[in-house]
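The chains referred to below are lettered A, B, ... by the order of the sequence lines, with proteins before strands, and numbering in each begins at 1. Quick caveat: nothing in here was measured; it's all calculated off a predicted structure.
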Protein chains: 2
Amino acid sequence: MNIAQPYLLFLGDVTDPLAAKTARGIVKWRPDACLGELRLTEQTVSLGLEPLSLADAKAMGAKTLVIGTANAGGVIPPSWVETLVQAAQLGFDIASGMHQRLGDIPELASLATQNAIQLFDVRHYDAQLDVGTGKKRQGKRLLTVGTDCSVGKMFSALAIEKALVDQGCQARFKATGQTGILIEGQGISVDAVVADFISGAVEKLSPSFTEHEWDIIEGQGSLFNPSFAGVSLGLLHGAQPDALVLCHEVGREHIRHLPHAALPSIEQTIEANLMAARVTNPAVQFVGICLNTSNISGKEAKALCLEWSEEFGMPVTDPVRFGVDAIADRVRSL
Amino acid sequence: MNIAQPYLLFLGDVTDPLAAKTARGIVKWRPDACLGELRLTEQTVSLGLEPLSLADAKAMGAKTLVIGTANAGGVIPPSWVETLVQAAQLGFDIASGMHQRLGDIPELASLATQNAIQLFDVRHYDAQLDVGTGKKRQGKRLLTVGTDCSVGKMFSALAIEKALVDQGCQARFKATGQTGILIEGQGISVDAVVADFISGAVEKLSPSFTEHEWDIIEGQGSLFNPSFAGVSLGLLHGAQPDALVLCHEVGREHIRHLPHAALPSIEQTIEANLMAARVTNPAVQFVGICLNTSNISGKEAKALCLEWSEEFGMPVTDPVRFGVDAIADRVRSL
């Protein structure tokens, strides 16, 4: 997948700010890639970008209309179809993180078949892959891992990439999930590939390189999440990381959506990830812990980060509250 | 997948005995399911079954023509198509472990679309699955795990199922790979499902049960195989095994096909599997080790099994040379 930027962000008619999380992520991390926004109604959530018509955005150079919203079923609402078809007729590529494929809309499928436009269903992966090998590749890699899903692995990876770049280090974010792919414009949704090819997909996503310094790879799931751990392990082996960053939400009581499944301790998570990662990189080490501390006060968070920094012998931070400069320093020292 | 038995085993025109491994496995483990064999030439490998024409086999009650051979590309040779089409016209279902889909042959696709017959491409999995949950299910489960691929996990599972049944225990083999599925007539090829659904596929394959005593689940890959470990971990979590059996080939020097990848020790394999399996079943335990000792003499093998039985405190055997009765005893004692 290689989604052309800049984007026009399409918000449809969603009124729930949470439903526009993907669009917000794109604006936060790649503001220069966002020319403007397109909303279908006055009530639709706004990102504060310039409101643009399809024609105006096209004239300004927009390449791709990105569906920046999510809904429960992942189905494209009928009320959006007219706009999507108009966009395609104007020559926009279209990118979507919905479960329903854009090609299910006949007019879009027809234009894509004629190679007039490209459709990107980032939740799916159809291209051919090879089986992973675990062979040593050139270049250094950092992977974010977690105690669970949705604990900040994408956010932390993007924050570390940014901190490294700000410090003059050539780092590149490698997206493994749908939001990350829309942010970066490329990547592979590793949970959407056929199971045999998980590690192979990551080897393809982050091949041997010598032209820059670090690939910062977005983690998925957790070795302790009974729904998705297979993806996490294949991703860990495929990434053959030199550096790991552990992500955790303070106060989470059990594995997300699974009240019967206990959350692992920080120690367990470190131990299990190191043991597994050594299969493809015996020199792997943890370089930091990123906490989501939104459930406690800033003062408590500061104290916790200090305490755990001493306990685990590495930088511990909340990327939102305190940034990740200390982790970036540690990465650059490797 | 639910492949109707009895089978007529189709051997095409293969002359390499190794290429007929799948057919041999079916004959070995499910002799009563095999009415006869169909060979295209005099030179074709024989399984020693009764040679039957399509019409004769049909008259004797054969339900499915099973392609019991493998080749490097996984493509169905043009010289087989006429026979496959004739079989379908006679009302045979057709099952194949080839990579190329049976539905790529237009006459077969057409008959399948009319529901005249069913086509089973056991290397693929197209049906909808749910994400795994790790919720405790009723019934007891045994899973075979390994130091690597191709160390006897399917063979050991089938041998343990047979020993248990011979001892009067109600055990059922649950197939997770193509050969196992053709042997059992049902199963899910877990390495062919979308990565998000590995553990969910196993939860579907071995749901809650009270009508029998044990599900004996065929393992895949190894937690230490950098190509396929994601599949192995999802399978381990989805199986939530009460009992594990470790499979290993004596004398193997590195991970199969990967000279750069070291084989794990028996201790490492036990530790990593127990740690991971506890996520969905804290009471998991190893009940035996199955060795492929074909690289050493029978005397050396006997001595090694005795030595390791003491060292690891569980039955250690070569299923081919010495059977698995001691492991079945241990299983029944749980």
S.K.: Please state whether the side chain, the backbone, both or neither of B/Ala261 comes within less than 4.5 Å of a heavy atom of chain A.
M.R.: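 Looking at B/Ala261, nothing touches chain A.
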S.K.: Give a yes or no on whether B/Glu267 atom CD has more than 12 heavy-atom contacts from other residues, nucleotides or ligands under 6.0 Å away.
M.R.: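 Above 12, so yes.
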S.K.: Which one of A/Thr133, A/Leu223, A/Val279, A/Asp130 has the most heavy-atom pairs closer than 4.5 Å to chain B?
M.R.: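 Option with the greatest count: A/Thr133.
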S.K.: Considering only heavy atoms, which portion of B/Val131 lies under 4.5 Å from any heavy atom of chain A: side chain, backbone, both, or neither?
M.R.: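 The side chain, not the backbone.
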S.K.: Identify which of A/Gln240, A/His260, A/Lys136, A/Lys135 forms the greatest number of heavy-atom pairs closer than 4.5 Å to chain B.
M.R.: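 Looking at each option in turn, the highest pair count goes to A/His260.
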S.K.: Pick from A/Ser227, A/Ala262, A/Ser232, A/Ser199: which one has the most heavy-atom pairs with chain B under 4.5 Å?
M.R.: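 It is A/Ser227.
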S.K.: Between A/Leu233, A/Leu235, A/Asp196, which residue shows the highest count of heavy-atom pairs closer than 4.5 Å to chain B?
M.R.: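 The candidate making the most pairs under 4.5 Å is A/Asp196.
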S.K.: Where on B/Gln220 is there a heavy atom nearer than 4.5 Å to chain A: the side chain, the backbone, both, or neither?
M.R.: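 Neither part; nothing is under 4.5 Å.
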S.K.: Please say whether more than 12 non-hydrogen atoms of neighbouring residues, nucleotides or ligands are located less than 6.0 Å from NE2 in A/His124.
M.R.: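 Yes, because the 6.0 Å sphere around NE2 of A/His124 holds more than 12 heavy atoms from other groups.
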S.K.: Heavy-atom distances under 4.5 Å only: say whether A/Glu271 touches chain B with side chain, backbone, both or neither.
M.R.: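 When you check distances to chain B, only side chain atoms of A/Glu271 fall under 4.5 Å.
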S.K.: Of the listed residues (A/Val190, A/Asn225, A/Val231, A/Ile255), which shares the most heavy-atom pairs with chain B below a 4.5 Å separation?
M.R.: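 With the most close heavy-atom pairs to chain B, the winner is A/Val231.
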S.K.: For A/His237 and B/Pro226, work out which heavy atoms get closest and say how close.
M.R.: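 Shortest heavy-atom contact: ND1-CA, 4.0 Å.
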S.K.: Among B/Leu258, B/Thr280, B/Ile198, which has the most heavy-atom pairs under 4.5 Å with chain A?
M.R.: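 That would be B/Leu258.
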S.K.: Report the option among B/Gly234, B/Ala229, B/Pro264, B/Ala272 that has the most heavy-atom pairs separated by less than 4.5 Å from atoms of chain A.
M.R.: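 Maximum pair count with chain A is reached by B/Ala229.
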S.K.: What is the distance from atom CE of B/Met275 to atom CZ of A/Phe224, rounded to the nearest 0.5 Å?
M.R.: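 Reported value, rounded in 0.5 Å steps: 6.5 Å.
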